[in-house]
Protein chains: 2
Amino acid sequence: MYDQLKLENQLCFRLYTASRLVTQAYRPLLEPLGLTYPQYIVLMALWERDNQLVGDLCRRLMLDTNTLTPLLQRMERQGLVVRTRGIADGRQTLVSLSKKGLALEEQAKEVPACMVGSWKCNPIEPEQLMPFLNTLDNLINTLKQ
Amino acid sequence: MYDQLKLENQLCFRLYTASRLVTQAYRPLLEPLGLTYPQYIVLMALWERDNQLVGDLCRRLMLDTNTLTPLLQRMERQGLVVRTRGIADGRQTLVSLSKKGLALEEQAKEVPACMVGSWKCNPIEPEQLMPFLNTLDNLINTLKQ
DNA sequence: GCTAATTAAATCGTACACGACAAAATGTTA
DNA sequence: TAACATTTTGTCGTGTACGATTTAATTAGC
């Protein structure tokens, strides 16, 4: 039994588990809005800036087109976004918020506070939050290459 | 535009991205062993203790049977584990390492060091590692309810 | 201006995740 | 001991992830 193969010693297993559990915790908040978590982050990107190319969203969300295209197609079917072929460059696809997608922002603005409020005890001390976020950002930037 | 809906301010988006990128970084190391990341953590649990029930693995990995059962079935098809019906309690399924699954530990023991070694710069300062892991554990424990 | 290389999205196949449900075995209780 | 509840695992459907490949449009080179 090698120590470096113990689950306790795995950074990645913790990240994997924490990510899954946080996403699960979002579900009851997003379900009333008819959203999954990946759909929610696509909308957040579009609420920040509407009318983005598929490639813009890929870079912003660090997802590839083979994930985003089907996701955006489902979102278009649900009437959350509109996809239009680029005029200047016919290879591009422009993703825009529909009226419904734009209106959802008003309901979604309560979600982050509800998320934090649902925790009985605070899992992160306020003074630990920034170092924690910085470490995550360092990790992400390193792995992005 | 609500500040709390900006991607920069999302703890969850960072966790989601970091988890995906770390899992991607494992791929080139696990592919030669014929493993995916979820299969690797199942094996880590079994290398720690062989002969576990499906329910034991569910609790250990914090995954439900609807994820683990198909995962274990694929691993059995690949000859990594053996699933046997419980003798005393016919509802149970015991998961054991095959000879091949047991032997893989020797190759896998290099994986964690290779992972760290593949980073050009160190994304986590040594003195930040423990606080970071503790915060992740707090988060996981809070969300486990 | 015609062909080759490049780029932007989309498609395809496989493997997770997970809510909802089903099935089978065991416990419980009147 | 027969009906019912509980436990353990499995199945099903939908939605991601992602490597590999394809398609369509644009650009570069000659």
Side-chain angles (χ1 to χ4, degrees), chain A residues 12-13 15-28 30-32 34-42 52-59 61-78 80-81 83-95 143, chain B residues 12-13 15-28 30-32 34-42 52-59 61-78 80-81 83-95 143:
Chain A
C12 184
F13 176 60
L15 280 174
Y16 163 78
T17 303
S19 169
R20 281 178 35 248
L21 294 182
V22 175
T23 302
Q24 281 177 42
Y26 266 98
R27 196 180 305 273
L30 294 179
E31 200 175 27
L35 297 176
T36 64
Y37 185 75
Q39 293 172 0
Y40 175 61
I41 62 170
V42 168
Q52 294 194 58
L53 301 178
V54 172
D56 294 334
L57 291 171
C58 284
R59 278 181 292 278
L61 305 178
M62 289 176 263
L63 289 166
D64 209 340
T65 57
N66 51 9
T67 297
L68 263 181
T69 294
L71 181 51
L72 293 169
Q73 286 168 345
R74 283 186 291 272
M75 292 179 75
E76 185 169 46
R77 248 181 274 136
Q78 293 175 240
L80 296 168
V81 299
R83 299 183 320 135
T84 46
R85 223 54 213 234
I87 313 292
D89 189 333
R91 291 168 301 183
Q92 304 183 135
T93 297
L94 193 65
V95 183
L143 294 171
Chain B
C12 184
F13 175 60
L15 280 174
Y16 163 78
T17 302
S19 170
R20 283 178 32 249
L21 294 182
V22 175
T23 302
Q24 280 177 43
Y26 266 99
R27 196 179 306 271
L30 294 179
E31 199 175 29
L35 297 176
T36 65
Y37 185 74
Q39 293 172 359
Y40 175 61
I41 62 171
V42 167
Q52 296 194 57
L53 300 178
V54 171
D56 294 335
L57 290 171
C58 284
R59 277 181 293 278
L61 305 178
M62 291 176 261
L63 289 166
D64 209 340
T65 57
N66 51 10
T67 296
L68 263 180
T69 294
L71 181 52
L72 292 169
Q73 287 168 344
R74 282 186 293 269
M75 291 178 75
E76 185 169 46
R77 248 181 275 134
Q78 293 175 239
L80 297 168
V81 300
R83 299 183 319 136
T84 46
R85 222 56 214 229
I87 313 292
D89 188 333
R91 292 168 300 184
Q92 303 182 136
T93 296
L94 193 65
V95 183
L143 294 171

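None of these values were measured; they are calculated from a predicted model. First the proteins, then the strands, lettered A, B, ... as listed; each starts at 1.
- Chain B approaches DNA chain C within less than 4.0 angstrom (heavy atoms of the protein), and the contacting nucleotides run 5' to 3' from C/dA15 to C/dT26.
- Put simply, the side chain of A/Glu76 gets close to the backbone of A/Arg83: a donor and an acceptor are under 3.5 Å apart.
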Between the protein and nucleotides 18-25 of chain D, list every N/O to N/O distance that falls short of 3.5 Å.
unit_1	atom_1	unit_2	atom_2	d
D/dC18	OP1	B/Gln24	NE2	2.8
D/dC18	OP2	B/Arg20	NE	3.0
D/dC18	OP2	B/Arg20	NH2	3.3
D/dC18	OP2	B/Gln24	NE2	3.3
D/dC18	N4	A/Asn66	O	3.3
D/dG19	N7	A/Asn66	ND2	2.4
D/dG19	O6	A/Asn66	ND2	2.8
D/dA20	N6	A/Asn66	ND2	3.4
D/dA25	O3'	A/Gly90	N	3.3

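- No contact: A/Leu68 has no heavy atom under 4.0 Å from any strand.
- Nearest heavy atoms, A/Leu61 versus A/Ile41: CD2-O, 3.9 Å.
- Contact of the B/Thr93 side chain with the B/Thr84 side chain is not registered, since no non-hydrogen atoms from C-beta on lie closer than 4.5 Å.
- Nearest heavy-atom pair, A/Leu57 versus A/Leu68, reported as atom, atom and distance to 0.1 Å: C-CD1, 3.6 Å.
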Counting only pairs under 3.5 Å, give me each side-chain donor-acceptor contact of residues 16-23 of chain A, with atom names and distances, residues two or more places apart or in other chains.
unit_1	atom_1	unit_2	atom_2	d
A/Thr17	OG1	A/Phe13	O	2.8
A/Arg20	NH2	B/Met62	O	2.4
A/Thr23	OG1	A/Ser19	O	2.8

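- Between the side chain of A/Gln39 and the backbone N or O of A/Thr36, at least one donor-acceptor pair lies under 3.5 Å.
- Whole-Å rounding puts the A/Arg77 CZ to D/dT14 C1' distance at 11 Å.
- At distances below 3.5 Å, at least one donor-acceptor pair connects side-chain atoms of B/Thr69 with backbone N or O atoms of B/Thr65.
- For the pair A/Arg85 (side chain) and A/Arg91 (backbone), a donor-acceptor distance under 3.5 Å is present.
- Computed from coordinates, the A/Gln92 CD to D/dT27 C1' distance equals 14 Å when rounded to whole Å.
- Regarding contacts with the backbone of D/dG15, every side-chain N or O of A/Gln73 stays at 4.0 angstrom or more from both OP1 and OP2.
- For D/dA17, the OP1/OP2 oxygens have a side-chain nitrogen or oxygen of B/Tyr16 closer than 4.0 Å.
- Residue B/Leu53 contributes atom CG, which lies 15 Å from atom C1' of D/dG10 at whole-angstrom precision.
- Contact record, B/Pro32 with B/Arg27: CD-O, 4.5 Å, taken as the closest heavy-atom pair.
- Rounded to whole angstrom, the span from the CD atom of A/Gln39 across to the C1' atom of D/dT16 amounts to 10 Å.
- OP1 and OP2 of D/dT14 both lie 4.0 Å or more from every side-chain N or O belonging to A/Thr36.
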